[in-house]
2 protein chains.
Amino acid sequence: MARNREFNTDDALDKAMLLFWNKGFNGVSTQEIIDDLNISKSSMYGAFGDKMELFTLTLLRYSSKIIVDINNEFEISQNVKMTFKKILSQIYKEALSKKLNNGCFIVNSTIELAPHNKKIAKIVSDHRTKLEDIFENAINKAIEKKQVPATKNAKQISCFFCNTINGMYVDSKYIRTKTSYENTINTVIASLD
Amino acid sequence: MARNREFNTDDALDKAMLLFWNKGFNGVSTQEIIDDLNISKSSMYGAFGDKMELFTLTLLRYSSKIIVDINNEFEISQNVKMTFKKILSQIYKEALSKKLNNGCFIVNSTIELAPHNKKIAKIVSDHRTKLEDIFENAINKAIEKKQVPATKNAKQISCFFCNTINGMYVDSKYIRTKTSYENTINTVIASLD
DNA sequence: AAAATAAAGGACTGAATGTTCCATAATTTA
DNA sequence: TAAATTATGGAACATTCAGTCCTTTATTTT
């Protein structure tokens, strides 16, 4: 050990995450990053490797946070249907309240990078698998509790919900009317009846 | 009039469209464009203005083509449900058959540019409005023909279908299994029953 | 306190970026 | 056929890009 790092690594990752989330990998320059994090280039390269490594760290960080949050939602859940409605509603409420239309960092990265970068494709794909698993477990538990008809296919619906969420995050980039999202959510939630 | 253009403008636009569609605005350089179109820089700038103008032209061209195609589908349609199933299935069949995971040029541009570029946001938003209108008309006609229950809200379902399509185009960037898409489609089509 | 080690600042690099300019070539109109 | 006009090819431009290098500074270990 020798001289200590003068900045907080997690804070720096959070700031970089916001930049990449908002403008994409290609939309942010290294100069912009070091200006925003208020560190020097050598510090950035020393701490995080290169631009793509930094990006990857922020994406993994984002994914973890989302997975933890969604897991929590279902742990405190009394009713799956309500919880799904809450999760879907939060997406558009956040979108409408923010000035930044940054949507979902995972979706953004899927579109921008997944087809041309295997590492990013893996992160995105792993994230999707985790989400679907959480949903599937929640629906199966609800079926056990007779809150959802046993005729429903939990896997199929989980997949469909992920699709809906991805769609909503695309919409959130340019749709600023509550009604549009509520149209979708109402139709979607009905699939659990 | 004077010297004639040596290249075909429409062919050039189609080639440029493929580039942007596959790699996004920021993912394609002017050098790459002129190499691919096999024209000189001055020809490109002379014919299309600048990179963003060229991009905009290709995006509008893409949008028009999609709208014409979808319109045609419903014009030859005997049954809305079948037509929707056909449209949704085509998305994943095309995705699975192609080596390029380019998805939908409109969705890609929505994610990459709409939040930071008003002109692109308008194109994307107009495209969405047109699509929803086509769907709404088709569902209403089907209700008249008693193919769809009159209790259904055509506007709401149209909005939901657009959401589903956007979600599928996100998925198409990294999901290579038929089952996943069929899970979604089966659940979605059921909303017309 | 000295030696070792790691972080920071920032100048620097070479390549790539989007765009412009200009000389030349082709075509049309008068 | 001459003048006008547009297209082409490619050199040139300033800027920005991601990434490196080296000196200085701070901290730890011996």
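To find a chain, count down the sequence lines: A is the first, B the second, and so on, and within it residues start at 1.
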Below 4.0 angstrom, N of the basic side chain to O of the carboxylate: do Lys15(A) and Asp11(A) qualify? no
Original post:
Charged N to carboxylate O below 4.0 Å: is that the case for Asp69(A) and Lys65(A)?
Top reply: yes
Smallest heavy-atom separation, Ile106(B) atom then Ser63(B) atom, equals CD1-CB, 4.0 Å
When rounded to whole Å, the CG to P distance for the pair Asn38(B) and dA7(D) reads 18 Å
Out of dA7(D), dA7(C), dA18(D), minimum distance to the side chain of Arg5(A) belongs to dA7(C)
**Prompt:** Is there a donor on the side chain of Arg3(A) or the base of dA7(C) sitting less than 3.5 Å from an acceptor on the other?
**Reply:** yes
note: Phe55(B), atom CZ; dG18(C), atom P; distance rounded to Å ~ 13 Å
Rounded to the nearest 0.5 Å, the CG atom of Asn101(A) sits from the CD1 atom of Ile111(B) at a distance of 10.5 Å
Note: contacts of residues 110-122 of chain A with DNA chain D (heavy atom, under 4.0 Å) are none
Asn26(B) atom CG is separated from dG18(C) atom C1', nearest whole Å, by 12 Å
Rounded to whole Å, the CZ-P distance (Phe25(B) to dG18(C)) equals 8 Å
In whole angstroms, the gap separating P of dT17(C) from CD1 of Ile33(B) amounts to 10 Å
note: Asp35(B), atom CG; dA16(C), atom C1'; distance rounded to Å ~ 13 Å
Item to complete: Evaluate ring-ring contact (aromatic ring centres under 6.0 Å, His included) for Phe105(A) paired with Phe55(A), printing each intermediate quantity in order.
Response: CA-CA 11 Å; Phe105(A) 190 20; Phe55(A) 179 89; 5.4 Å; yes
Side-chain contact check for Asn4(A): nearest option of dT27(C), dG10(C), dT28(D) is dT28(D)
Checklist entry - Does Lys178(B) count as lying over the ring of Tyr92(B), i.e. NZ or CZ under 6.0 Å from the six-ring centre, within 45 degrees of the axis? => result no
Taken to the nearest whole Å, CZ/Phe7(B) to C1'/dA25(C) is 16 Å
Original post:
Any chance the side chains of Ser180(B) and Thr177(B) put a donor and an acceptor closer than 3.5 Å?
Top reply: no
Looking only at side-chain N and O atoms, does Ser43(A) come under 4.0 Å of OP1 or OP2 in dA8(C)? yes
Rounded to whole Å, the CG-P distance (Leu37(A) to dG9(C)) equals 12 Å
Pairwise N/O distances under 3.5 Å, protein to nucleotides 19-21 of chain C:
residue, atom, partner, partner atom, Å
dT19(C), OP2, Tyr45(B), OH, 2.8
dT19(C), OP2, Lys51(B), N, 3.2
dT19(C), O5', Tyr45(B), OH, 3.4
dT19(C), O4, Lys41(B), NZ, 2.9

Ring center gap for Phe74(A) and Phe84(A) short of 6.0 angstrom
yes
Is the closest side-chain donor-acceptor distance between Glu112(A) and Asn26(A) under 3.5 Å?
yes
